[in-house]
Amino acid sequence: MDLKVKNDCCAADFMPVGELRAVQLSRLQKIVEHAYNNVEFFRNRMNENGVKPSDIKALEDIQKLPFSKKIDLRDTYPFGLCAVPMSEVVRLHASSGTTGKPIVVAYTKEDLDVWAEVMKRGLAGAGLSEKDIIQIAYGYGLFTGGLGAHYGSEALGATVVPASVGNTQRQVMLMRDFGVTGVCCTPSYFMHLIEQAKLAGIDMRDLPVRVGIFGAEPWSQGMREQLESGSGIEAFDIYGLSEIIGPGVAIECTEHQGMHVFEDHFYPEIIDPDTGEVLPDGEQGELVLTTLSKYAMPMIRYRTRDLTRIIAEPCKCGRTIRRIDRISARSDDMFIIRGVNVFPSQIESALLTVPGVTANYLIILTTEKGMDNIEVNVEMSPEAFSDQVKVLESLQRNITKAVESVIGLRIRVKLVAPQTIARSEGKAKRVLDQRIKG
Ligand code: DLL
């Protein structure tokens, strides 16, 4: 890490651990008091649990505080968790989710500054600077991806191309004509951009684009390899969620060994999702986050449903802020087939070990004769696409074997021609559940 960057905007990433813990504790004490004094929901929950803000004397005391969940945001829709008067709220975002009312999140001016700061630190850690031209192809609007990446890139001093999603051919044209060097979008959308560029006769590897900031959905190592080899960029995993701030809760550095959590602003814990017990660093479980410096809508011990582990060992880059591992899955993405728990991410990882397979796939769950079945539709790469039955059968067998050995269930694999599975511009939809319920 070059010292200039380290000293400029990212000093907090390299803070001595003792100092970092002191900052976290003093921020935690303040935010808990703020939430208790200003949000009825948090006050009631803490009273029910017999805990007061003054009980937070050390960082470990965070464990005395009750958890919060997505349902709490839904139940208090739209502004029940707001901790400041509306006159201090300068921005709202919302995430639609799959069912019912959206969840709404609010920001003060200072909260937006924190958000821009963490995004800026993350982008700088990925090697971007004021010299870069960054195209933002996350959706702008209520979704936090577009504006989050936008203000972070501006804070960095980079030249921002606010392309938002859609109009894929134009995106490629902008990248080429403007000499874009960094792209922020979902990994599945970048895959789509590579394909569309190819169709337009452009090899992304010939363009100056060199860094991709990819997140908002799970993606595997195999997908990283396809993205990097198809475009010549270096891909960085970025994590975040609306409830906590948006993108910029954690991001990889150039070591690519997990995502550094900006833990001076977001305090991470890992719990056993069944018992709620706090697990030691290194153990896999559900990520719980507490916002240490977000005042419009503080979140105390928010259960993200995202499964990962904390990596506390020092990173080669020298940052002292801890890392989380790639999000292996969301606990609510899991489906149960004939008693076996299956995560879509396991299927993706297995699929992409087979040469000739692309990251475009759809998992279809059906009920046949009262039994649940998994069918995986897999798109072949144009190079692997063949009209020879033998070639196809062998590819199908290889895929079936690779997936079955990982999930331990019989599956049906259907090979489909290139460009036949619907592309997404935002978060890819990987599972179609057509099972008969009840
Ligand atoms: O997806 C914020 C974001 C925008 C993150 C752009 C990164 C880049 P939500 O729409 O509220 O916010 O969805 C949050 O998406 O709880 C995870 O399940 C999933 N997710 C986000 N980033 C990653 C990632 C944005 N890098 C939910 N890997 C989270 C895996 C991710 N899953």
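Note that ligands are numbered from 1 as they come in the structure, with each ligand's atoms numbered from 1 the same way.
- Protein residues having a heavy atom under 4.0 Å from any atom of ligand 1 are Y138, F143, T144, G145, G215, A216, E217, P218, D237, I238, Y239, G240, L241, S242, E243, P247, D306, I327, R330, K427, listed by chain and number.
- Note: Y302 and F67 fail the aromatic proximity criterion, with ring centroids not under 6.0 Å apart.
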Step-by-step ring-ring contact (aromatic ring centres under 6.0 Å, His included) determination, H150 to Y138: CA-CA 9 Å; H150 180 104; Y138 285 118; over 10 Å; no
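- Residues D132 and T181 have side chains that bring a donor and an acceptor to within less than 3.5 angstrom of each other.
- Side chains of E286 and S331: a donor-acceptor N/O pair is absent below 3.5 angstrom, by distance only.
- Here Y107 and W115 bring their ring centres to under 6.0 angstrom of each other.
- A donor atom on one side chain and an acceptor atom on the other are found under 3.5 Å apart for Y189 and T168.
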